[in-house]
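The structure appears below as C-alpha cells.
Scope of the values below: all heavy atoms of this structure, side chains included, with no hydrogens, waters or symmetry mates. Since the model is a prediction, treat every value here as computed from it, not as a measurement. Note that ligands are numbered from 1 as they come in the structure, with each ligand's atoms numbered from 1 the same way.
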Amino acid sequence: VKLRCPICGREYDRPVQRCECNEPVEFELLNGEPYIGKTIWERFYDFWPVEPALELSLGEGDTPLIKSKLGEELGVRLYLKNETVNPTWSFKDRGTFLAMSYALKAGYKTVGTVSTGNMAASVSAYASRFGLNAKILVSESASNEKLKAVSVYGADVIRVKGDYGRLYFESLKLGESLGIYFMNSDNPFRVEGYKGIAFEIAEEVTPDYVLIPTSSGGLFRGVAKGFIELKESGLIEELPTLVAVQAEGCSPICRAFKEGKEKIERFERPKTIAKAIANPYPPSGNAVLKLLREFGWLCVAVSDDKIREAQRKLAGEGLFVQPASATGIAALRKLVEKGRIEEGAKVVSILTGSGLRTLSQAKGGTIRECPLESLENCLR
Ligand SMILES: *Cc1c(COP(=O)(O)O)cnc(C)c1O
Ligand SMILES: [Zn+2]
C-alpha cells in the first residue's frame, strides 16, 4: 500500500504522517470484498492497510444503528449511529485500535498522542491493552478531573506549557527521532479505522445524508473514504451527501467553505460548549475542504443554544451524548428548516461520544424529595 497526499498528490512508500507540503497523507483507495465474519475487522478484512491485532481488540466498533423518533417531527427517516458504546465511550477507539495494531507490528515500545479528551483516554486504554507505554501530551489548561480518566490506565500524562497548536507537529517530529509512534487526530491508520463507521452504516441502510461532527477532520475523512471505497468496490451505487458539522464558535472549515477559500485559516478566540470539536486550526481542514468541494457536500455550523437543545432531545430518547455529539441533530434541524434536506430523506447522525465525559456541562432534570411515610402519595 501507498500513502498519498490528498492535496498535492505526492506519494510515499514510507509510513510518513504528513506530506512535505505539510498536509496529511492517506492510504491509497483499497478495493475489497467483504467476508462473512464476526467483527467489522473480519467482515471488511481487505479494506484495512494493516492486519488488525484481533486478539487485542476491546470490542470497538459494531455499534448499534438506532431508528430515531426525532426524525418524525422533522419529516425525515433518522438513524443514530451510537458510537458512545465503544470501549472508552467514543469512536476514537476504532482508529486507536488500528493505529496501535500498526505500532505493535512495527516494533514500537512507546506510543503517544496530543489530546485532552476522548483520544487521550482511548490511546491510554489501548496502550495498556497492547502492552505499550503511552506518552499523552495535554495542554496547560486541561482540568485535573478530565486527566484522571486518562491517567487511570497508567499512561505518562505530560502537561505541556506553550502553544498547543504547535504541539501536534512537534510531537510528530520528536516522535520520529525518539522512536515514539504518535497517533494524533488524523493519523493515517486512525482515519482508516473510522471507515468502519461507513461500512457498518451501509450494511444496514442506504443513507441520503450522513451528519458528521468535525474538528481535526480525521473522522470526516475516514467516513468519506469508507463510502468512496464501497462505491469503488461496487458494493454501493451512490455516495450519500456528507455533512461536516461544526460549532459556530469554532468553525474554521465551514467559514473557509462559505468564503470559497482553498485553505482554512486559524479561527481566533474559539468559544463553544462543544469542546471535543473545537480545534481552531484543524490539521485535516484543507483535506476536508477539498472533499466538500469535489463531491458537492455540505458544511453546517450550529450555535451552542441549538447544541444544548439537541442534547436534551437525544436524552429524551434515552441517549446521553456530549455536546459535540449532539451537533449533528442541531444541523439536521437547520437543514430541514432551510429546505436543504427533502422530506422522507434517509439521514444518519453519528453520535460520536458519551455525555459522561462532560458531566459537569450536563443539565439534569428535577429531583423530588419524599418521606417514606408519604411514598404512596408521591407515587400517585
Ligand atoms: C474527536 C471527536 C470529534 C471530531 O473528530 P475529528 O476527527 O477530530 O474531526 C467529534 N466528536 C467527539 C466526541 C470527538 O471525541
Ligand atoms: Zn502534499
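Ligand 1 has no N or O atom lying under 3.5 Å from any N or O atom of Ser325, backbone or side chain. For the pair Pro213 and ligand 1, the shortest N or O to N or O distance does not fall below 3.5 Å. Where the criterion is an N or O separation shorter than 3.5 Å, residue side chain and backbone included, Thr352 meets it with respect to ligand 1. Where the criterion is an N or O separation shorter than 3.5 Å, residue side chain and backbone included, Ala324 fails it with respect to ligand 1. The N/O atoms of Lys92, backbone and side chain alike, include one that comes under 3.5 Å of an N/O atom in ligand 1. The N/O atoms of Ser216, backbone and side chain alike, include one that comes under 3.5 Å of an N/O atom in ligand 1.
Using modelled atom types, one finds a donor on one side chain and an acceptor on the other under 3.5 Å when comparing Ser139 with Ser141. Tyr102 and Glu51 are not linked by any side-chain donor-acceptor pair at a separation below 3.5 angstrom, with hydrogens and angles left out of the test. No donor-acceptor contact under 3.5 angstrom links the side chains of Thr63 and Asn86, judged on distance only. A donor-acceptor contact closer than 3.5 angstrom is absent between the side chains of Glu33 and Ser233.
Using a 4.0 Å cut-off between heavy atoms, Ile277 contacts ligand 1 through its side chain alone, with no backbone atom that close. Counting heavy atoms under 4.0 Å from ligand 1, residue Phe91 touches it through the side chain alone.
The atoms of ligand 1 that sit less than 4.0 Å from any heavy atom of Ala276 are 2 (C), 3 (C), 12 (C), 13 (C), 14 (C), 15 (O). Interface of Gln322 with ligand 1, defined as ligand atoms under 4.0 Å from a residue heavy atom, comprises 13 (C).
Using 4.0 Å as the threshold, Gly117 has no heavy atom nearer than that to any atom of ligand 1.
Side-chain contact between Tyr209 and Lys346 is absent, with no heavy-atom pair separated by less than 4.5 Å.
Within 6.0 Å of atom CD in Glu294, more than 12 heavy atoms from other residues, nucleotides or ligands are found, so the atom counts as buried in its surroundings.
Taking atom 7 (O) of ligand 1 as the reference point, the nearest protein heavy-atom neighbour is Leu219 N, 2.8 Å.
Considering all non-hydrogen atoms of both residues, Cys254 and Val300 come closest at SG-N, 3.4 Å.
A cation-pi contact links Arg266 to Tyr281, judged by a cut-off of 6.0 Å to the six-membered ring centre and 45° from its axis.
Between the choices Ser115, Ser215, Gly217, the shortest heavy-atom distance to atom 4 (C) of ligand 1 belongs to Ser215.
Tested against Asn118 for a side chain to side chain donor-acceptor pair (under 3.5 Å), the candidates Lys275, Glu83, Arg357, Lys92 yield a single pass: Arg357.
Rounded to 10 degrees, the SG-metal-SG angle spanning Cys19 and Cys5 at the Zn ion (ligand 2) equals 110°.
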